[in-house]
Amino acid sequence: MATKHLTVRENEIMEIFWHSDKPLSANDVYNVQPELSKNTIQAVLRKLLKMNYLEVAGIGYNKNSLTREFKASISQSQYFSNFLVESESFQLACQFVKKTKDTKSLEELENLIQEKIKKLS
């Protein structure tokens with residue numbers, strides 16, 4: 001997927017999806033961000049859907065009506081990694097390894113590196 005930079009408003013709404021562990025409707029987004037109008041939310045959701053940042057996850061209920069529920073189709077880390085050059089990615093990974101105290105994350109990273117080395121060999 002060709003990744004495009006998000007506008008401030010699109011990013012604001014994607015942040016809501018990235019931090020949610022369940023699919024959300026436009027009304028759910030409004031409940032999290034009530035300073036946005038429902039029309040703005042609907043327009044941004046349509047655009048994010050068209051850009052393939054969101055996908056329809058199912059149908060839910062809002063009071064007495066059916067509503068589409070959405071989920072992110074790209075993770076926040078995938079989104080940001082598309083805009084980093086390889087040297088920046090390497091520097092971020094190095095800083096993470098130096099600063100983290102989470103052995104589980106380091107083990108996962110080590111497994112990913114070993115898998116990649118096997119594929120490249």
Side-chain angles (χ1 to χ4, degrees):
M1 161 171 52
T3 308
K4 297 179 183 177
H5 282 281
L6 296 171
T7 65
V8 172
R9 188 70 71 216
E10 292 163 351
N11 188 63
E12 194 174 356
I13 289 179
M14 281 305 297
E15 288 282 343
I16 295 168
F17 283 96
W18 285 327
H19 291 100
S20 175
D21 56 348
K22 65 182 183 78
L24 302 171
S25 67
N27 195 60
D28 295 329
V29 174
Y30 177 75
N31 290 336
V32 173
Q33 205 78 353
E35 60 274 4
L36 296 177
S37 76
K38 289 184 180 183
N39 290 334
T40 298
I41 292 169
Q42 290 285 358
V44 173
L45 290 178
R46 280 192 301 275
K47 187 172 179 191
L48 291 169
L49 192 59
K50 186 176 180 179
M51 292 168 55
N52 294 321
Y53 282 90
L54 292 179
E55 60 187 53
V56 176
I59 303 295
Y61 292 96
N62 178 24
K63 298 181 183 170
N64 292 331
S65 62
L66 292 173
T67 183
R68 290 188 298 174
E69 293 180 334
F70 305 93
K71 67 178 183 175
S73 56
I74 182 173
S75 71
Q76 191 173 27
S77 59
Q78 288 171 320
Y79 171 72
F80 285 114
S81 71
N82 285 314
F83 302 109
L84 296 174
V85 294
E86 194 169 324
S87 63
E88 290 172 332
S89 297
F90 177 75
Q91 291 300 322
L92 283 172
C94 289
Q95 287 302 314
F96 172 77
V97 169
K98 288 177 185 176
K99 292 186 178 192
T100 191
K101 291 179 169 73
D102 182 9
T103 56
K104 184 179 178 189
S105 294
L106 290 171
E107 289 169 359
E108 285 181 40
L109 189 57
E110 183 179 27
N111 290 337
L112 285 171
I113 291 169
Q114 292 303 322
E115 287 175 23
K116 185 67 174 183
I117 289 172
K118 286 178 186 175
K119 285 181 183 178
L120 294 174
S121 299

Selection residues 8-18 - residue pairs positive for salt bridge (charged side-chain N to carboxylate O under 4.0 Å, His left out), sequence neighbours left out | Arg9-Glu12, Glu10-Lys47
What distance separates [X] [atom1] from [Y] [atom2], expressed to the nearest 0.5 Å?
X: Arg46; Y: Ile41; atom1: CZ; atom2: CD1; value: 11.5 Å
X: Ile13; Y: Leu36; atom1: CD1; atom2: CG; value: 5.5 Å
X: Ile59; Y: Arg68; atom1: CD1; atom2: CZ; value: 7.5 Å
X: Leu6; Y: Leu48; atom1: CG; atom2: CG; value: 6.5 Å
X: His19; Y: Leu24; atom1: NE2; atom2: CG; value: 12.5 Å
X: Tyr30; Y: Gln42; atom1: OH; atom2: CD; value: 12.5 Å

Report yes or no: do Asp28 and Ser25 form a side-chain donor-acceptor pair below 3.5 Å?
-> yes
Does the side chain of Gln76 pick up a donor-acceptor pair with the side chain of Gln78 at under 3.5 Å?
-> no
Closest non-hydrogen contact found for Gly60 with Glu69 is CA-OE2, 3.7 Å
Quick one: list whatever passes side-chain contact (heavy atoms from CB on, under 4.5 Å) with Ser77, sequence neighbours left out.
-> Ser75
Would a distance-only check, ignoring hydrogens and angles, find a side-chain to backbone donor-acceptor pair under 3.5 Å from Ser73 to Tyr53?
-> yes
State yes or no: do Leu45 and Trp18 share one hydrophobic cluster built from I, L, V, M, F, W and Y residues joined by side-chain heavy-atom distances below 4.5 Å, directly or via other members?
-> yes
Does Val56 share a hydrophobic cluster with Leu54, counting links as ILVMFWY side-chain heavy atoms below 4.5 Å and allowing steps through other members?
-> yes
Enumerate donor-acceptor pairs with a distance under 3.5 Å from any side-chain N or O in residues 110-121 to protein atoms, sequence neighbours excluded.
{"residue": "Asn111", "atom": "ND2", "partner": "Glu107", "partner atom": "O", "Å": "3.4"}
{"residue": "Ser121", "atom": "OG", "partner": "Ile117", "partner atom": "O", "Å": "2.7"}

Are Phe70 and Val29 close enough, and set up right, to give a side chain to side chain contact (heavy atoms under 4.5 Å, CB included), and what steps lead you there?
-> CA-CA 10 Å; Phe70 305 93; Val29 174; over 6 Å; no
Flag side-chain contact, heavy atom, 4.5 Å: Tyr61 against Leu66 = yes
Is there a side-chain contact between Asn27 and Thr67 (heavy atoms, below 4.5 Å)?
-> no
So with a 6.0 Å cut-off around CZ of Phe80, is the heavy-atom count from everything else above 12?
-> yes
Please name all residues satisfying side-chain hydrogen bond (donor to acceptor under 3.5 Å, both in side chains) with Ser37, sequence neighbours left out, ordered by chain then number.
-> Thr40
Using the test side-chain hydrogen bond (donor to acceptor under 3.5 Å, both in side chains), find all partners of Asn31 that sit at least two apart in sequence or belong to another chain.
-> none
Taking only residues two or more places apart in sequence, or in another chain, which ones meet His5 in a ring-ring contact (aromatic ring centres under 6.0 Å, His included)?
-> Phe83
